[in-house]
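Numbering starts at 1 and runs along the sequence shown. Read the numbers this way: they start at 1 and go in the same order the structure lists the ligands and their atoms. All heavy atoms count here, side chains included; hydrogens, waters and symmetry mates do not.
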Amino acid sequence: MSAIVNEINELRKQKNAIILAHYYQVPEIQDIADYVGDSLGLAQQAAQTNADIIVFAGVHFMAETAKILNPHKKVVLPDLEAGCSLAASAPEDDFRAFLQKYPDHKVISYINCTAAVKTMSDVICTSGNAVQIVESYPKDAKLIFAPDKNLGGYINRLTGRDMILWDGTCEVHDILSTEAVIKLKTDNPDAKLIAHPECKATVLELADFVGSTTALLNFTKKDTSQKYIVATETGILHKMQQASPEKSFLIVPSDETCSCNDCPYMKLNTMEKLLNALKNEQPAIELPEDVIEKAKIPIERMLEISAKMGLIK
Ligand code: 13P
Ligand code: SF4
């Protein structure tokens, strides 16, 4: 075992710390984490943990969510610059002004948003429960879905709704190439296309299966195909390959020159930064008390609905 792994292991025991990691983290971080999951699983783990310190190997909005659910615990993010293009697409003041145009609408916000946007939302959702959260409202309910227009559009098409969409996208998924998907499908007729719902509609329409990172991983474990064309961030391939070493996975590129779809924010976290965060208990996430109080309501509503629908235990 490397020195850095030893040091992390000793410190996490000493400090009663838990390491939560998203699937888009580099393999070494996924391998050392206490839990690796999608945004829903990570929020649930954060809500249930008895640890004193949460080291969040993910991006800022995820660590913020963990802090909102654990205001009295220390939550550290290895690199504070680990943001998200979706969260950045909805600045607080612009979002408030947008909502003022639709005073009679309920607001469903994807978890990839800032704590400030969460305070203005009725309920939060993730890609793992978005359909069920939307369907928890009556068919004729007036709804706003923010900030991911690709996920919102996908749910509109799936459920026959007409939610008003905020104009945000994930800069990693939105640029995955439809032409590349068509070519990969033609060259590999035996492969199934699996896609994350943050991809654009032209990619999703071609997919055999659409789901959150956990849902995509579970699909490849249970499905009988031997080959998959994967339209999402590269990090998920680590767990897919570990779970099904006999299967092959072809990642959908953003264009012909690049076959890697790394989220530049997720990949800011490194083992060295993780060790420093655990050692120094910095950089820590801090939020005003009133923001925590207000943002907690729609997150807890999401967890309640998800538990009721059997999406989490
Ligand atoms: P999930 O892991 O919840 O599917 O989200 C994907 C993502 O882009 C996280 O930022
Ligand atoms: Fe945000 Fe996209 Fe990166 Fe996820 S993959 S953190 S949605 S930019």
Side-chain angles (χ1 to χ4, degrees), residues 20-26 29-30 33 35-46 56-66 77-90 108-114 117-118 124-133 145-152 154-155 166-176 194-200 203-204 207 209-220 230-240 251-252 254 258 260-269 299 302-303 306 311-312:
L20 302 180
H22 189 267
Y23 290 117
Y24 298 166
Q25 294 296 291
V26 291
I29 293 184
Q30 293 192 39
Y35 176 85
V36 185
D38 66 0
S39 306
L40 179 60
L42 288 164
Q44 191 201 8
Q45 289 294 318
F56 213 113
V59 291
H60 195 269
F61 76 81
M62 295 179 171
E64 250 184 9
T65 303
L77 180 65
D79 191 320
L80 258 196
E81 297 298 312
C84 167
S85 67
L86 274 169
S89 80
I108 304 178
S109 292
Y110 190 35
I111 199 163
N112 300 38
C113 63
T114 61
V117 166
K118 288 185 175 80
I124 300 303
C125 72
T126 75
S127 53
N129 59 18
V131 174
Q132 290 87 348
I133 297 281
F145 190 92
D148 187 0
K149 69 172 179 190
N150 286 342
L151 175 59
Y154 171 68
I155 301 172
W166 177 265
D167 188 12
T169 55
C170 159
E171 70 179 52
V172 179
H173 288 88
D174 190 53
I175 60 165
L176 297 187
I194 58 174
H196 193 279
E198 288 170 14
C199 293
K200 53 186 180 257
V203 170
L204 297 179
F209 181 75
V210 175
S212 74
T213 45
T214 297
L216 296 178
L217 173 62
N218 288 341
F219 182 80
T220 62
V230 183
T232 190
E233 212 263 6
T234 330
I236 189 69
L237 294 189
H238 180 56
K239 288 283 176 209
M240 285 181 179
I251 198 87
V252 175
S254 45
C258 172
C260 53
N261 309 319
D262 286 326
C263 169
Y265 312 106
M266 287 278 185
K267 297 301 195 276
L268 282 176
N269 296 324
I299 300 173
M302 167 187 83
L303 292 173
S306 303
L311 299 169
I312 55 173

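Which of Asn112, Asp262, Val59 comes nearest to atom 7 (S) of ligand 2 through a heavy atom is settled by distance: it is Asn112. Of the listed residues (Val172, Thr213, Leu42), the one carrying the non-hydrogen atom nearest atom 2 (O) of ligand 1 is Thr213.
Metal site remark for atom 1 (Fe) of ligand 2: Cys170 contributes no N, O or S atom at a distance under 2.8 Å.
Each of the following atoms of ligand 1 lies closer than 4.0 Å to a heavy atom of Met62: 9 (C), 10 (O). In the vicinity of Leu86, heavy-atom distances shorter than 4.0 Å reach the ligand 2 atoms 7 (S). Atom numbering of ligand 1 starts at 1 in the shown order; those under 4.0 Å from a heavy atom of Ser212 are 4 (O). Residue Glu198 approaches ligand 1 through these ligand atoms, each under 4.0 Å from one of its heavy atoms: 6 (C), 7 (C), 8 (O).
Contact annotation: the side chain of Lys239 never approaches that of Thr213 to less than 4.5 Å [non-hydrogen atoms, C-beta and beyond]. Two residues are said to be in side-chain contact when any heavy atoms from C-beta on lie closer than 4.5 Å; Tyr110 and Ser127 meet this criterion. Put simply, the side chain of Asn269 does not reach to within 4.5 Å of the side chain of Val26, judged on heavy atoms. Looking at heavy atoms from C-beta onward, Phe145 lies in side-chain contact with Cys125 at the 4.5 angstrom threshold. Between Met302 and Asn129, the closest side-chain pair of non-hydrogen atoms falls below 4.5 Å. Put simply, the side chain of Cys84 does not reach to within 4.5 Å of the side chain of Met62, judged on heavy atoms.
Taken to the nearest 0.5 Å, the CG atom of Asp79 stands 12.5 Å off from the CE atom of Met266. Taking CG of Leu311 as the reference point, atom CG of Leu40 lies at 7.0 Å (rounded to 0.5 Å).
For Thr232 and Tyr24, the side-chain atoms include at least one donor-acceptor pair closer than 3.5 Å. If you check the side chains of Tyr35 and Gln44, you find no donor sitting under 3.5 Å from an acceptor.
Contacts between Asn112 and ligand 1, counted as non-hydrogen atom pairs separated by less than 4.0 Å, involve the side chain only. Contact annotation: for His22 versus ligand 1, heavy atoms closer than 4.0 Å belong to the side chain alone. Of all the heavy atoms of Thr126, none lies under 4.0 Å from any atom of ligand 1, so neither backbone nor side chain is involved. Here Tyr24 has side-chain heavy atoms under 4.0 Å from ligand 1, and that is the only part of it that gets that close.
If you check which protein heavy atom lies closest to atom 6 (C) of ligand 1, you get His196 NE2, 3.3 Å. From the protein, the heavy atom lying nearest to atom 1 (Fe) of ligand 2 is Cys84 SG, 2.4 Å. At the shortest separation from atom 3 (Fe) of ligand 2 among protein heavy atoms lies Cys263 SG, 2.4 Å.
Put simply, part of Glu198 is less than 4.0 Å from ligand 2, judged by heavy atoms.
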